[in-house]
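Within every chain, numbering begins at 1; the chains are lettered A, B, ... in the order of the sequence lines, protein sequences first and strands thereafter.
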Protein chains: 2
Amino acid sequence: MAHQTVGRPRPGLPDDPRAEVAEPTPACPVEVALAALRGRWTTLVIRELLGGEHSYSGLRAALRGLSDKVLSDRLAHLVEAGVLERRRETGVPPRTRYRLTPHGERLGPVLQALWDWGADSPAAVSGRA
Amino acid sequence: MAHQTVGRPRPGLPDDPRAEVAEPTPACPVEVALAALRGRWTTLVIRELLGGEHSYSGLRAALRGLSDKVLSDRLAHLVEAGVLERRRETGVPPRTRYRLTPHGERLGPVLQALWDWGADSPAAVSGRA
DNA sequence: CTGAATCCCTGCCGATACTG
DNA sequence: CAGTATCGGCAGGGATTCAG
């Protein structure tokens, strides 16, 4: 009775053998998710794409301060993680469109959960330096 | 109609000014949450505490491979983030108990969301190297 | 327009040793 | 038992430059 936080029979933590890992391994789904979100600017890139697909320069325009290197790093990483889909428009001015995959769309609730927790955080409320 | 993923009127993304940040700033609740979870071993430490309070050595025993430095780093960081509470038992053998704060307990659903997404991830399913 | 290549600097993490 | 001190290696990230 002391802790039933994760004690529900959902396809999650308690019964799954991967929940017993004693080391940070890629086998743990939580690590997989955090690995996908890892890196500065990553969530902001996702947030832009949650609002609809964008071109490379569109993203760069929306996220000033983000260098080319980091942006292309993030995009490649997110494509690799199955979050984004890259579509090249082979025209005279080469265009590339980035959009969320269905799996990437499902990050919406995840980010929402992170948001809700963070918004409720004492650090966010009391403005602790 | 192209994207209603975050289009619900929950206390989250669309209407909140903090959702429009063009830079990774601590003002964004998502950043707050990810900052709390940041660092290797962090989620595993939290997982151990989700199963009930532990002593310092209890955590170290549960998480072999985790050095003292990193463990105390993580604990201090999580206390700072309002996730953990440290309670010193000033007895003859000095004991220190770590337990989740109510706010820390609320990380349960967050980790669940991360788990669910990661478990559904192509990288986890198809075992992509 | 869409990146890739390079350089440098910082911060994280692990190992070891030491203290109250 | 519960940490802190110190050091070194390595990866992440920013600015700039170059290429397709």
> So, is A:Y98 near the phosphate of C:dG3, with a side-chain N or O under 4.0 Å from OP1 or OP2?
Replying inline: yes
>> Taking salt bridge (charged side-chain N to carboxylate O under 4.0 Å, His left out) as the definition, give me every residue that meets it alongside B:R40, ordered by chain and number, with sequence neighbours left out.
In response: none
> Rounded to whole angstroms, how far apart are CZ on A:R86 and P on C:dT2?
Replying inline: 11 Å
>> My understanding is that only residues two or more places apart in sequence, or in another chain, count here; which of them pass side chain to side chain donor-acceptor pair (under 3.5 Å) with B:T101?
In response: none
> Excluding sequence neighbours, so at least two apart, what forms ring pair (Phe, Tyr, Trp, His ring centres under 6.0 Å) with A:H103?
Replying inline: B:W117
> Does any pair with a residue in residues 21-30 of chain B pass side chain to side chain donor-acceptor pair (under 3.5 Å), and if so which ones, sequence neighbours excluded?
Replying inline: none
> Over how many whole Å does the gap from A:H54 atom NE2 to C:dT2 atom C1' extend?
Replying inline: 17 Å
> Which part of the nucleic acid, if any, lies within contact of A:R60, taking any heavy atom under 4.0 Å across all strands shown: a base, the sugar-phosphate backbone alone, or nothing?
Replying inline: base
> Are the side chains of A:E31 and A:P24 in touch, meaning some heavy atoms are under 4.5 Å apart?
Replying inline: yes
> Listed by chain and number, what are the salt bridge (charged side-chain N to carboxylate O under 4.0 Å, His left out) partners of A:R87, not counting sequence neighbours?
Replying inline: A:E85
> In degrees rounded to 10°, what angle is found between the helical axes fit to the five outermost pairs at each end of the helix from C:dC1-D:dG20 to C:dG20-D:dC1?
Replying inline: 40°
>> For nucleotides 8-20 of chain C, give me one character per nucleotide, 5' to 3': B if any protein heavy atom sits under 4.0 Å from the base, S if the only such contacts are to the sugar-phosphate, - if neither.
In response: -----BBB-----
> Of all nucleotides in DNA chain D with an atom under 4.0 Å from a non-hydrogen atom of chain A, which is the first and which the last going 5' to 3'?
Replying inline: D:dG13 to D:dA15
>> Could you report the tightest heavy-atom contact between A:A62 and B:A22, atom names first, then the distance?
In response: O-CB, 3.9 Å
> Does B:L114 reach the side chain of B:T43, with side-chain heavy atoms less than 4.5 Å apart?
Replying inline: no
Side chains of residues 92-100 of chain A: which donor-acceptor pairs under 3.5 Å do they make with residues two or more places apart or in other chains?
residue: A:R97; atom: NE; partner: A:E53; partner atom: OE2; Å: 3.4
residue: A:R97; atom: NH1; partner: A:E53; partner atom: OE2; Å: 3.1
residue: A:R97; atom: NH2; partner: A:E53; partner atom: OE2; Å: 3.4

>> Categorize B:S72 for me: base, sugar-phosphate, or nothing, with a 4.0 angstrom heavy-atom threshold over every strand shown.
In response: base
> Hey, are the side chains of B:W115 and A:V32 touching, using non-hydrogen atoms and a 4.5 Å cut-off?
Replying inline: no
> Sequence neighbours excluded, which residues qualify as side chain to side chain donor-acceptor pair (under 3.5 Å) partners of B:D73?
Replying inline: B:K69
